[in-house]
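The structure under discussion appears below in the form of structure tokens.
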Amino acid sequence: MQHGPAVRRRKLGEELRALRDRSGLTSGEAARLAGWHQSKISRIETGRSGVKVEDIRILLDVYGEDVVSAQQRALLEALSASAAGPAPDADTGRGRQWWHDYRGLLPQEYRDFISLEAGARSARTVELSVVPGLLQTPGYARAVTRAALGGLPEPKVDALVDVRLARQSVLRADPPLELSAVLDEAVLRRTIGGSGVMEEQLRHLVEVARLPQVRLQVLPFSVGGHLGLTGPFVIFSFPNIADLDVVVLDHLTSSLYLERKEDLEAYSAAFRTIQAHALPPRDSSDLISALADDA
């Protein structure tokens, strides 16, 4: 298990090296065309140093449109933020990296997570305790933030809620993030923020489940023990770049990233099993609606 930036640098370097090989250029030739020293290409391709969005653009221009697709370019530009660690503000394939405006408030792990989420094609998530951030209402997000970070000043609570809501734009981007979420029934029955907040949240889940890019399922209590009991997780998948999927595990003080093939296969298999035991989407929406009526 590794933290985000180092893994991102390594993966980004591998992809850039593959593109350079496809272009037929040596590292020395690529460096000359980019106006750099050859050692810079080496550091980037081996993941020893971060790479700015501007440098990504220069390299991709050198390799040319015949080698680099528009989608690859957008993804590599988006991933460069998390690969570099604390990066400067820049434009990405899905718009300006707005989360850097909050870098004095958000820990680096959270910014890494948002960067991955912004560049992903799809996300598969299992949640045991709370509604996933991409599906939260403002009232629910505020209640969760207050509960998880007790004693936080209201201006900071407001800012964190703003971040949570801003993240949700990926569901309506072009193209949108494809989200498959399995929620333990406990998520729906745990009253957070009072009955009014919870009813609003449940009805919002029913509405957002109608989006074509969202597949929402509930894992009922009747299933009993299941693989998801080991903890919540998210699997991000990315377009047009092989071997770049990542599993994210959240802990109290950090996030961990798993990218080994065997880890990805294990978590993907676990998600399929959990999804198979969950209620179908329509039955899930019916259950959520019934719980909203009783809230």
Side-chain angles (χ1 to χ4, degrees), residues 94-95 98-99 110 113-114 116-148 157-223 228 232-237 248 250 271-272 274-295:
R94 277 186 176 157
W98 55 266
W99 54 90
Y110 192 14
F113 182 89
I114 295 173
L116 291 174
E117 188 176 72
R121 179 195 70 231
S122 66
R124 291 167 284 170
T125 183
V126 173
E127 186 53 71
L128 307 179
S129 302
V130 297
V131 172
L134 292 180
L135 304 179
Q136 292 179 7
T137 63
Y140 187 94
R142 185 174 301 280
V144 167
T145 301
R146 285 174 175 160
V157 172
D158 292 341
L160 288 172
V161 172
D162 289 344
V163 168
R164 188 71 50 88
L165 300 179
R167 284 174 47 203
Q168 298 175 5
S169 64
V170 296
L171 292 177
R172 293 173 173 81
D174 184 17
L177 177 76
E178 298 170 8
L179 176 65
S180 295
V182 180
L183 311 186
D184 191 276
E185 187 173 342
V187 173
L188 309 176
R189 294 187 178 275
R190 177 174 290 106
T191 301
I192 293 179
S195 59
V197 168
M198 201 63 206
E199 178 185 358
E200 181 185 37
Q201 176 63 73
L202 293 172
R203 297 200 185 283
H204 177 68
L205 287 176
V206 174
E207 289 298 319
V208 78
R210 296 192 178 108
L211 295 173
Q213 65 271 30
V214 175
R215 180 182 177 89
L216 180 61
Q217 294 177 257
V218 175
L219 195 64
F221 286 149
S222 59
V223 170
F233 60 88
V234 182
I235 306 171
F236 287 121
S237 296
V248 184
D250 270 338
F271 184 82
R272 289 193 297 270
I274 293 167
Q275 194 175 49
H277 284 94
L279 298 174
R282 178 167 295 183
D283 292 345
S284 296
S285 290
D286 289 344
L287 173 59
I288 296 170
S289 293
L291 292 173
D293 290 340
D294 293 338

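Not measured: the values here are computed from a predicted model.
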For [range], pull every pair meeting salt bridge (charged side-chain N to carboxylate O under 4.0 Å, His left out), keeping only residues two or more places apart or in separate chains.
| range | answer |
| --- | --- |
| residues 131-142 | Arg142-Glu154, Arg142-Asp158 |
| residues 184-198 | Glu185-Arg189 |
| residues 128-138 | none |
| residues 159-172 | Glu117-Arg167 |

Side-chain contact, heavy-atom cut-off 4.5 Å: [X] with [Y]?
| X | Y | answer |
| --- | --- | --- |
| Thr125 | Leu134 | no |
| Leu183 | Leu205 | yes |
| Ser284 | Leu216 | no |
| Leu179 | Leu211 | no |
| Leu202 | Leu188 | yes |
| Val163 | Ile114 | yes |

Mind listing the closest non-hydrogen atom pair of [X] and [Y] along with its distance?
| X | Y | result |
| --- | --- | --- |
| Arg146 | Val157 | CG-CG1, 4.3 Å |
| Pro220 | Ala278 | CD-CA, 4.4 Å |
| Ala120 | Leu177 | O-CD1, 3.6 Å |

Between the CG atom in Leu279 and the CG atom in Asp286, the distance rounded to the nearest 0.5 Å is 9.5 Å
Output for pair (Gln136 CD, Ile192 CD1), nearest 0.5 Å, gives 8.0 Å
The ring pair (Phe, Tyr, Trp, His ring centres under 6.0 Å) partners of Phe113 (sequence neighbours excluded) come to Phe236
Across all chains, not counting sequence neighbours, the ring pair (Phe, Tyr, Trp, His ring centres under 6.0 Å) partners of Phe271 are none
Here the side chain to side chain donor-acceptor pair (under 3.5 Å) pairs for residues 202-216, sequence neighbours left out, are Glu199-Arg203, Arg203-Asp293, Glu207-Arg210, Arg215-Gln217
Residues 126-133 side chain polar contacts: donor-acceptor under 3.5 Å, at least two apart:
unit_1	atom_1	unit_2	atom_2	d
Glu127	OE2	Ser129	N	3.2

Contacts of Ser237 meeting side-chain contact (heavy atoms from CB on, under 4.5 Å) (sequence neighbours excluded), chain-then-number -> Arg121, Ser122, Arg124, Asp245
Requested in this report: Please report the C-alpha distance between Ile274 and Val223 in whole Å, then the side-chain angles of each, then the deciding distance to 0.1 Å, and finally whether the side chain to side chain contact (heavy atoms under 4.5 Å, CB included) criterion is met.
Outcome: CA-CA 10 Å; Ile274 293 167; Val223 170; over 6 Å; no
